[in-house]
Amino acid sequence: IADQHPKVVAELRKVYDAWWKDVSPRVKKPVRIAIGHRDDNPTTLTSQDWFMPVGNPPWHPSMINRLSPVTGPWLIDIAKSGRYRMTLRQKPAVAAFAMQGKQVRLRITGGKNDVDQTKKIDRNTTGVTFEVELSKGAARLDTFLTLHNGKTAGAYFADVTFVPISP
C-alpha cells in the first residue's frame, strides 16, 4: 500500500519524525506520576507504571494471577503536602479479589518523606489501606507483599487519594 501512496507515506514520516524529535529526550528520563493533583484525585497506579531499570514489570493478567515474585517502585510526584489514603491491592478494586498473602508493606522515600509501615492482610480483604502524611515533591513508593510461601511480590495496584482536611 505504501508504494501506491508515496505522498501519504512522506507526510506520515514527517509527522512521526517531528513527534519523535520532541519526545525522544524524555525517553531516557523516568516519568514521575502525579498524586494528589486536583484534576486526578484519586489516582490509580498499576504495576505497568513501575520503574524497572531492566526488563518489564508484570503487565499481563497471567503474570499478576500467578503472583510473580517481583516488585518495582512507582516514581511519584506528590502534588501537595498533606494526608494521603493508599489502598494496596493485587487486582483492581472492581475485581473484588481477595488478596493472597500474609502481610503488605508500604515504603515511601525521597525528599522529606520517610514512611515504612506494614499491615497484616485480613482474610477475604480486597485491599489494605494506609493513611500517611506526605510532603510535596519527588518520591519513590515501594510495596512488598509477603506471600504464604515466604516469597515477596508487589502490590500490583494502588489507589491513592489526597484527603483534604475537614473544616
Side-chain angles (χ1 to χ4, degrees), residues 26-27 29-166:
R26 293 177 278 168
V27 171
K29 182 179 173 186
V31 174
R32 292 194 175 272
I33 300 169
I35 63 168
H37 190 276
R38 71 178 186 279
D39 294 334
D40 190 29
N41 189 46
T43 301
T44 297
L45 306 172
T46 76
S47 59
Q48 292 179 14
D49 300 317
W50 286 347
F51 173 70
M52 307 294 281
V54 176
N56 294 313
W59 60 271
H60 192 273
S62 68
M63 296 171 173
I64 293 169
N65 288 341
R66 70 174 179 260
L67 290 171
S68 300
V70 64
T71 189
W74 283 293
L75 301 181
I76 57 174
D77 183 26
I78 302 163
K80 52 190 163 191
S81 297
R83 190 155 215 42
Y84 286 79
R85 180 178 306 115
M86 299 186 172
T87 302
L88 306 182
R89 305 177 189 282
Q90 281 175 267
K91 294 195 177 182
V94 70
F97 177 80
M99 292 181 73
Q100 311 295 304
K102 297 187 281 187
Q103 67 181 22
V104 65
R105 178 178 168 207
L106 172 75
R107 184 175 66 196
I108 303 168
T109 55
K112 296 178 182 177
N113 298 293
D114 186 16
V115 173
D116 196 340
Q117 297 179 13
T118 301
K119 288 190 176 184
K120 181 180 177 272
I121 298 173
D122 294 327
R123 185 178 168 95
N124 297 322
T125 190
T126 61
V128 177
T129 300
F130 296 83
E131 292 230 357
V132 296
E133 291 289 329
L134 297 177
S135 296
K136 179 179 178 172
R140 174 183 168 131
L141 188 162
D142 290 280
T143 62
F144 307 93
L145 174 66
T146 303
L147 306 174
H148 292 294
N149 64 7
K151 292 185 179 183
T152 301
Y156 298 120
F157 297 86
D159 296 319
V160 182
T161 305
F162 176 77
V163 182
I165 298 172
S166 301

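Note: hydrogens, waters and symmetry copies are ignored here, and every other heavy atom, side chains too, is used.
In this structure, Phe130 CZ and Arg105 CZ are separated by 10.5 Å, a value rounded to the nearest 0.5 Å. Here the CG atom belonging to Leu147 is positioned 7.5 Å from the CD atom belonging to Gln90, to the nearest 0.5 angstrom. To the nearest 0.5 Å, the span separating CD on Glu133 from NZ on Lys112 amounts to 13.5 Å. Here the straight-line distance linking atom CG of Leu88 with atom CZ of Phe157 works out to 12.0 Å at 0.5 Å rounding. Here CD of Gln100 is found 6.5 Å from NE2 of His148. Values are rounded to the nearest 0.5 Å. Rounding to the nearest 0.5 Å gives a distance of 12.0 Å between CG of Asp159 and CD1 of Ile35.
Looking only at side-chain heavy atoms (C-beta outward), Val128 and Asp122 stay at 4.5 Å or farther from each other. Leu145 has its side chain out of reach of Tyr156: every pair of non-hydrogen atoms, C-beta onward, lies at least 4.5 Å apart. Between Leu134 and Met86 the shortest side-chain heavy-atom distance falls below 4.5 Å.
Ion pairing of Asp77 with Arg32 is absent here, as no side-chain N (NZ or NE/NH1/NH2) approaches a carboxylate O to less than 4.0 Å.
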Please walk me through it: do Asp142 and Thr71 pass side chain to side chain contact (heavy atoms under 4.5 Å, CB included)?
CA-CA 8 Å; Asp142 290 280; Thr71 189; 5.7 Å; no
Which is it for Thr43 and Ile76 under the side chain to side chain contact (heavy atoms under 4.5 Å, CB included) test, yes or no, and what are the steps along the way?
CA-CA 11 Å; Thr43 301; Ile76 57 174; over 6 Å; no
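Thr161 places no side-chain N or O within 3.5 Å of a backbone atom of Pro42 that could act as its donor or acceptor partner. With hydrogens and angles disregarded, no donor-acceptor distance shorter than 3.5 Å links the side chain of Trp74 to the backbone of Ala139. Gln103 places no side-chain N or O within donor-acceptor distance of the main-chain N or O of Thr118, the cut-off being under 3.5 Å. Remark: side-chain polar atoms of Asp49 are paired, donor with acceptor, to backbone N or O of Thr46 under 3.5 angstrom. With Asn113 contributing its side chain and Ile108 its backbone, the two residues share no donor-acceptor pair below 3.5 Å.
Crowding of Lys80 atom NZ: a count of heavy atoms from other residues, nucleotides or ligands under 6.0 Å exceeding 12. Dense packing is recorded around NZ of Lys119, with more than 12 heavy atoms of other residues, nucleotides or ligands lying under 6.0 Å away.
Scanning both residues, Gly82 and Tyr84, for their nearest heavy atoms gives O-CD1, 3.4 Å. Counting all heavy atoms, side chain and backbone alike, Val160 lies closest to Asn41 at O-OD1, 4.0 Å. Closest approach of Ser135 and Ser81 over heavy atoms only: CA-OG, 3.4 Å. A pairwise comparison of heavy atoms in Asn124 and Ala98 identifies CA-CB, 3.8 Å as the closest pair. In plain terms, the two heavy atoms of Pro57 and Trp50 that are nearest each other are CB-CE3, 3.9 Å. Among all heavy-atom pairs drawn from Lys151 and Asn149, the shortest one is N-OD1, 2.9 Å.
Considering only residues two or more places apart in sequence or on other chains, Phe144 meets the ring pair (Phe, Tyr, Trp, His ring centres under 6.0 Å) condition with none of them.
Thr129 and Thr87 are linked by a side-chain donor-acceptor pair at a separation below 3.5 angstrom, with hydrogens and angles left out of the test.
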